[in-house]
Every structure is written in structure tokens, then in C-alpha cells.
Amino acid sequence: VLHETGGGFESKNSYGSGLFQMRIKVPGGNSGGVVTAFYLTTKGGGHDEVDFEFLGNNNGRPITLQTNLFLNGEGNREQRFLLWFNPTKHYHTYGILWNPYQIVFYVDNIPIRVYKNENGVSYPSKPMQVEASLWNGDDWATDGGRTKINWSYSPFIAHFQDFALSGCNIDGRSNNVAACESSNYWWNAASNHALSHNEQKLSEYVRKKYMNYDYCIDRSKYQTPPRECY
């Protein structure tokens with residue numbers, strides 16, 4: 001519940017690979033400036049992070065789902081979607097697959113974004129915890145920070161349920177995720193090295209129809225697109 005500060009929870013364990021899923025229903029009503037997040041993150045400097053962030057809105061305008069990656073402390077990899085449903089009305093399942101080959105963002109088992117570990121790109125290399133939070137992002141989240149939270153509409157309540165993970169618990173074993181790269185873990189198996197043909201077609205359709213911002217083609221941010229964009 002967000003009154004004026006925020007709140008969240010995190011896994012006790014850290015992981016080096018896996019599939020992490022949560023069913024979420026985000027705050028409804030006039031929630032401009034409010035951010036609901038589900039993500040993986042390291043602690044400390046030069047951090048790695050893989051984010052789902054729901055950006056609140058007012059007057060019935062749609063909620064934006066932003067995905068982002070921070071790699072060795074550098075973010076600015078945002079891709080944003082206006083979903084094919086209203087995420088304030090019902091629970092939907094949001095998932096992150098992370099293995100040595102790719103990171104896949106799933107919405108109701110539909111892959112909306114893939115980040116491949118190839119061509120020498122930056123890639124998470126440290127154990128990450130699973131986190132969920134509700135917080136004040138009104139300096140950037142809605143209309144570029146022009147829309148501030150209207151506290152008369154508080155409390156803002158996010159609902160989380162059915163946290164499910166299949167992950168390689170790395171606690172105390174290593175500070176490097178290489179300890180979790182075995183193909184004996186099903187999420188690292190060959191079938192999860194890339195999307196299937198059907199998943200690829202579904203992902204392309206969703207991205208063409210529902211993605212409304214992509215850092216890879218934002219020339220005001222990058223005159224030359226980052227390596228992973230090619």
C-alpha cells in the first residue's frame with residue numbers, strides 16, 4: 001500500500017538463473033506517478049537489474065508497461081507497451097526467464113521482449129534477488145514527470161499473488177552466475193536457448209501492435225544504437 005513513501009518485498013535467496021513469475025493486479029483509479037514493479041536485481045554498485053514497471057495514469061488513460069535492463073549499473077534500455085488488457089482489472093502473470101543464452105519477458109506466457117546474450121553484449125553476471133514494490137515515481141513515470149501523484153486518491157494498492165520460481169539458488173556458493181549454467185536445469189536446456197517458431201511469431205505480432213517505445217530506435221537517446229539492438 002502506497003500512502004506517501006512506498007513498500008515492497010524481496011526473496012531471501014539470490015539466484016543465478018531461472019524462471020520467475022508473479023500474478024499482479026496494479027492500482028486502479030487515478031494513479032499517475034505511481035510505479036508498481038516486479039524485477040530481479042543485484043545489490044551494491046554496478047548493479048544488474050531486469051525490470052517490469054507499471055506506470056500509473058489518470059482519467060482512465062491506459063497504464064504503460066515498461067521493461068528495462070540495467071547492466072553493470074547502466075540502464076536506458078527501456079521498451080514500453082500498452083497492453084491488450086487493463087492490468088488494473090484482473091490478475092495477469094508476468095514472468096522473467098533468465099539463463100546463459102537469453103532473458104525473456106513474458107506476459108501471460110506471451111514473450112514480449114527478448115534480450116540475447118550474444119555479440120559481446122553486456123549481460124547479468126552477478127546473483128540477483130527477486131523483488132516487488134510499489135513506489136513514488138512521479139519525477140519521471142507519467143507524462144515524463146509532468147503528472148504528479150494526487151495524494152487525495154491514496155492509498156494506492158497493488159496486489160501480488162502466486163509467486164512462482166524455478167531458479168538456481170546461488171547463496172553462499174558463488175558471486176558469479178556461472179555456477180548456475182548447467183543444462184541439467186530445465187530453464188537452461190536447449191529448448192530455452194531461443195524462442196520457438198510459434199513464440200517468435202507471437203512475439204513479433206505483440207511488439208508490432210502494442211509496443212510504443214523502443215530505445216533501439218530513439219535517436220535522441222542514441223545516435224548509434226547499442227550493440228544489442230543489431
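In what follows, every heavy atom counts, from backbone to side chain, and hydrogens, waters and symmetry copies are set aside. This chain uses plain numbering: 1 for the first residue, then up along the sequence.
At least one side-chain heavy atom of Leu97 sits less than 4.5 Å from a side-chain heavy atom of Trp187. The shortest distance between side-chain heavy atoms of Pro127 and Thr42 does not fall below 4.5 Å. Between Trp140 and Val35 the shortest side-chain heavy-atom distance falls below 4.5 Å. Residues Tyr115 and Val104 are not in side-chain contact: their nearest non-hydrogen atoms beyond the backbone lie 4.5 Å or more apart. Between Asn117 and Glu228, every side-chain heavy-atom pair lies at or beyond the 4.5 Å cut-off. Between Lys221 and Glu78 there is a side-chain heavy-atom pair separated by less than 4.5 Å. By the 4.5 Å heavy-atom criterion applied to side chains, Tyr106 and Ile96 are not counted as neighbours. The shortest distance between side-chain heavy atoms of Ile103 and Leu69 falls below 4.5 Å.
With hydrogens and angles disregarded, a donor-acceptor distance shorter than 3.5 Å links the side chain of Ser182 to the backbone of Asn184. At least one donor-acceptor pair under 3.5 Å links the side chain of Ser196 to the backbone N or O of Glu199. Side-chain atoms of Ser203 come within 3.5 Å of backbone atoms of Pro111 as a donor-acceptor pair (strictly under, hydrogens ignored). Listed for the Asp171 side chain is a donor-acceptor partner under 3.5 Å among the backbone atoms of Ser14. Side-chain N or O atoms of Tyr15 include none that pairs as donor or acceptor with a backbone N or O of Trp98 at under 3.5 Å. At least one donor-acceptor pair under 3.5 Å links the side chain of Asn58 to the backbone N or O of Gly32. Side-chain atoms of Asn188 come within 3.5 Å of backbone N or O of Cys180 as a donor-acceptor pair. Proximity of a side-chain donor or acceptor of Asn99 to a complementary backbone N or O of Ser17 within less than 3.5 Å is not detected. Formation of a donor-acceptor pair under 3.5 Å by the Asp108 side chain with backbone atoms of Ile110 is not found in this model. Side-chain atoms of Lys126 come within 3.5 Å of backbone N or O of Gly46 as a donor-acceptor pair.
Shown are Asp143, Ile149, Asn150; of these, the side chain to side chain contact (heavy atoms under 4.5 Å, CB included) with Thr147 is made only by Asp143.
In this structure, CG on Leu134 lies 9.0 Å from CZ on Phe156, to the nearest 0.5 angstrom. In this structure, the separation between OH on Tyr153 and CG on Asn30 is 4.0 Å, given to the nearest 0.5 Å. Here CG of Leu65 is found 8.0 Å from CG of Leu55. Values are rounded to the nearest 0.5 Å. To the nearest 0.5 angstrom, Arg23 atom CZ is 8.5 Å from Tyr91 atom OH. For the atom pair CE of Met128 and CD1 of Ile170, the computed distance is 10.5 Å after rounding to the nearest 0.5 Å. Remark: Asn57 CG to Thr88 OG1 distance equals 11.0 Å, nearest 0.5 Å.
Salt-bridge annotation for Glu204 and Lys209: absent, with no side-chain N of the basic residue lying under 4.0 Å from a carboxylate O of the acidic one. Between Glu131 and Lys43 a salt bridge is recorded (basic side-chain N to carboxylate O distance below 4.0 Å).
Shown here is Glu10, whose CD atom has more than 12 heavy atoms of other residues, nucleotides or ligands within 6.0 Å. Residue Arg61 places its CZ atom among more than 12 non-hydrogen atoms of other residues, nucleotides or ligands, all under 6.0 Å distant. Within a 6.0 Å sphere centred on CG of Asn175, heavy atoms belonging to other residues, nucleotides or ligands number 12 at most.
Applying the ring-ring contact (aromatic ring centres under 6.0 Å, His included) definition to pairs two or more places apart or across chains, those involving residues 30-80 are His47-Phe70, Phe52-Tyr94, Phe52-Phe105, Phe54-Tyr94.
Closest heavy-atom contact between Ser122 and Leu71: O-CD1, 3.3 Å. Closest approach of Asp48 and Pro124 over heavy atoms only: OD2-CA, 3.3 Å. Between Arg227 and Asn119, the shortest heavy-atom contact is CD-O, 2.7 Å.
Stacking of Arg77 on the aromatic ring of Tyr215 is not recorded, the 6.0 Å distance cut-off and the 45° axial limit not both being met.
In summary, the side chains of Ser220 and Asp218 do present a donor paired with an acceptor at a separation below 3.5 Å, with no hydrogens or angles considered. Side-chain contact annotation: Thr67 with Arg113, donor-acceptor N/O pair under 3.5 Å present.
Legend: residues meeting salt bridge (Lys or Arg N to Asp or Glu O under 4.0 Å) with Asp139, ordered by chain and number and at least two apart, are absent.
Using cut-offs of 30° and 60° on the angle between ring planes, the pair Tyr210 and Tyr205 is perpendicular.
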